[in-house]
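Here is the structure we will look at, set down as structure tokens.
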Amino acid sequence: MLATSTNCVPLRRAVAQQRKNLQRAYHDLVALPKKGPIVSYGPPGRSATTGHVATVFGCTGFLGRYTVAKLAKAGTQVVIPYREEDEKRHLKPMGDLGQIVMTEWDLRRDDQIEECLRHSDIVYNLVGRDTNQAGVPRFVHVSHLNAAHDSPSAFYKSKARGDDLVREAFPDATIVRPAIMFGYEDRLLNNMALWPIWWKLNNMATKIRPVHVFDVAQALANLISVPSLPGVLNLPGPSTLTYEYLLTLVSSVTYNPHSRAPVVPKPVALALARAAQAVWWPALSPDEVVAGTSTMLTCPATGKVGVVPDEIEQHAISYLRRYRSAENFTRPVVFPSSRDAEYGL
Ligand SMILES: NC(=O)c1ccc[n+]([C@@H]2O[C@H](COP(=O)([O-])OP(=O)(O)OC[C@H]3O[C@@H](n4cnc5c(N)ncnc54)[C@H](OP(=O)(O)O)[C@@H]3O)[C@@H](O)[C@H]2O)c1
């Protein structure tokens, strides 16, 4: 029998529906509950499953990669929104098969943000921008220990403003404030080894409480098992250290002599930083000069997240050995003789 135009309609609809079904993503097939009990299962180790699904915005950054690693290692399924195809490849083997779900996103597209959050019961925002929570029970926003409305630095001021917006939108959010972090890809030890002159601002008297990026990532991962922790969680390192001590540490661990460059006065540094804005690659910004010459906050830790932070000396060699010359490469690690009186600590 020849098909008439009337009996073709349901067939066309079925084909159209079939096509639509085929366009669906694989993860559409399993709808995980957004709330309710989270059941862990599976064997211990890499193939364990916590039952949680976490979305990590900013997963391709410095803190992001370690946070994804800690979550995935514990057996949490991690949704990793990315912008650049090549930037997320290293994250894929951090979890068991199917545990790392890659999703392309654009910060300006609400539908894409919602797609990233659809199955998650906890969201980490490491981008430093407020995101739409779309009914997700837990929201963890990463800010900065130095976030303050009265900070002379525009960056730290904007961090404080961001925290206010997060609080307004999600009163139950956990706002995590780590201090400046050190690690393999940091902008602290690496910059000190490469550009010691920029750390000679403020007569090297600026004090910070550097914290290991692994400890911050572990604290973020531990938050998953805390049902609710509204408010601010400060995550500084264990010790308050001056730039002078840190430069001496870098110099003694790398066996590279101290920089003989003079201490740069703030107006000169500001003028140089403004001029450096003309180049297209990231250089020291005027705001970083302002931040580096002002008092950094060194508040103690708040809240208990099951992490005892490591001292910077415990890891310095791991991140600084690459700055040693060939003849010094395997020499023993030597630390500056004293931390305290000599460096104004
Ligand atoms: N690093 C520190 O010492 C330190 C200390 C205290 C607090 N914090 C805070 O911790 C958070 C993470 O720091 P981090 O050092 O890991 O930062 P980072 O290395 O600069 O990474 C930033 C991440 O945010 C993403 N991102 C930036 N702008 C974006 C945009 N417009 N749209 C979408 N994604 C965007 C980047 O994605 P792409 O890869 O696609 O660019 C990257 O994944 C930040 O809020 C930072 O202020 C950092």
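Here the structure is a predicted model, which is why all the values come from computation and not from measurement. Atoms within a ligand are numbered from 1 in the order they appear, just like the ligands themselves. What you see below is based on every heavy atom in this structure, not just the backbone, and it leaves out hydrogens, waters and symmetry mates.
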Exercise. Going by the order shown, which atoms of ligand 1 are within less than 4.0 Å of some heavy atom of Leu126?
Worked result: 11 (C), 12 (C), 44 (C), 45 (O)
Exercise. Taking distance alone, with no angle check, do Leu107 and ligand 1 share an N/O pair under 3.5 Å?
Worked result: no
Problem set entry | Cation-pi, Phe170 ring and Arg138 (6.0 angstrom, 45 degrees) | no
Problem set entry | Non-hydrogen atom of Trp105 closer than 4.0 Å to ligand 1 | yes
For this session: Would you mind listing which atoms of ligand 1 come within a distance below 4.0 Å of any non-hydrogen atom of Ser143?
Result: 7 (C), 8 (N), 9 (C)
For this session: Please verify whether a non-hydrogen atom of Phe155 lies at under 4.0 Å from ligand 1.
Result: yes
Problem set entry | Under 3.5 Å: N/O of Glu87 near N/O of ligand 1 | no
For this session: Verify, without hydrogens or angle tests, whether Asn202 (side chain) and Met204 (backbone) share a donor-acceptor contact under 3.5 angstrom.
Result: no
Exercise. So is Arg177 close enough to ligand 1, meaning a heavy atom under 4.0 angstrom away?
Worked result: no
Problem set entry | Sub-3.5 Å N/O-N/O distance, Glu84 and ligand 1 | no
For this session: Please confirm whether Pro178 comes within less than 3.5 Å of ligand 1 when only nitrogen or oxygen atoms on both sides are compared.
Result: no
Problem set entry | Subset of ligand 1 atoms that lie under 4.0 Å from at least one heavy atom of Ile180 | 3 (O), 5 (C)
Exercise. Does even one non-hydrogen atom of Arg187 get within less than 4.0 Å of ligand 1?
Worked result: yes
Exercise. Can the ring centroids of His212 and Tyr66 be said to lie less than 6.0 angstrom from one another?
Worked result: no
For this session: Evaluate the side chain to side chain donor-acceptor pair (under 3.5 Å) criterion for residues Tyr156 and His149: first the C-alpha distance (whole Å), next the side-chain angles of each, then the deciding distance (0.1 Å), finally the verdict.
Result: CA-CA 8 Å; Tyr156 293 138; His149 289 291; over 6 Å; no
Exercise. What heavy-atom pair brings Glu313 and Phe335 nearest, and what distance separates the two atoms?
Worked result: O-CZ, 3.3 Å
Exercise. Which of the numbered atoms in ligand 1 are below 4.0 angstrom from a heavy atom of Leu63?
Worked result: 16 (O)
For this session: Would you check whether Val127 has a nitrogen or oxygen atom less than 3.5 angstrom from a nitrogen or oxygen atom of ligand 1?
Result: no
Problem set entry | Minimum heavy-atom distance Pro286-Gln277, with the two atoms named | CD-NE2, 3.7 Å
For this session: Answer with yes or no whether the side chains of Arg339 and Ser239 bring together a donor and an acceptor at under 3.5 Å.
Result: yes
Exercise. Are the side chain of Asp121 and the backbone N or O of Val136 linked by a donor-acceptor pair below 3.5 Å?
Worked result: no
Exercise. If you measure from each heavy atom of Pro81 to ligand 1, is any distance below 4.0 Å?
Worked result: no
For this session: Consider every N or O of His144 and every N or O of ligand 1, then say whether any pair is closer than 3.5 Å.
Result: no
Problem set entry | Subset of ligand 1 atoms that lie under 4.0 Å from at least one heavy atom of Val142 | 10 (O), 11 (C), 45 (O)
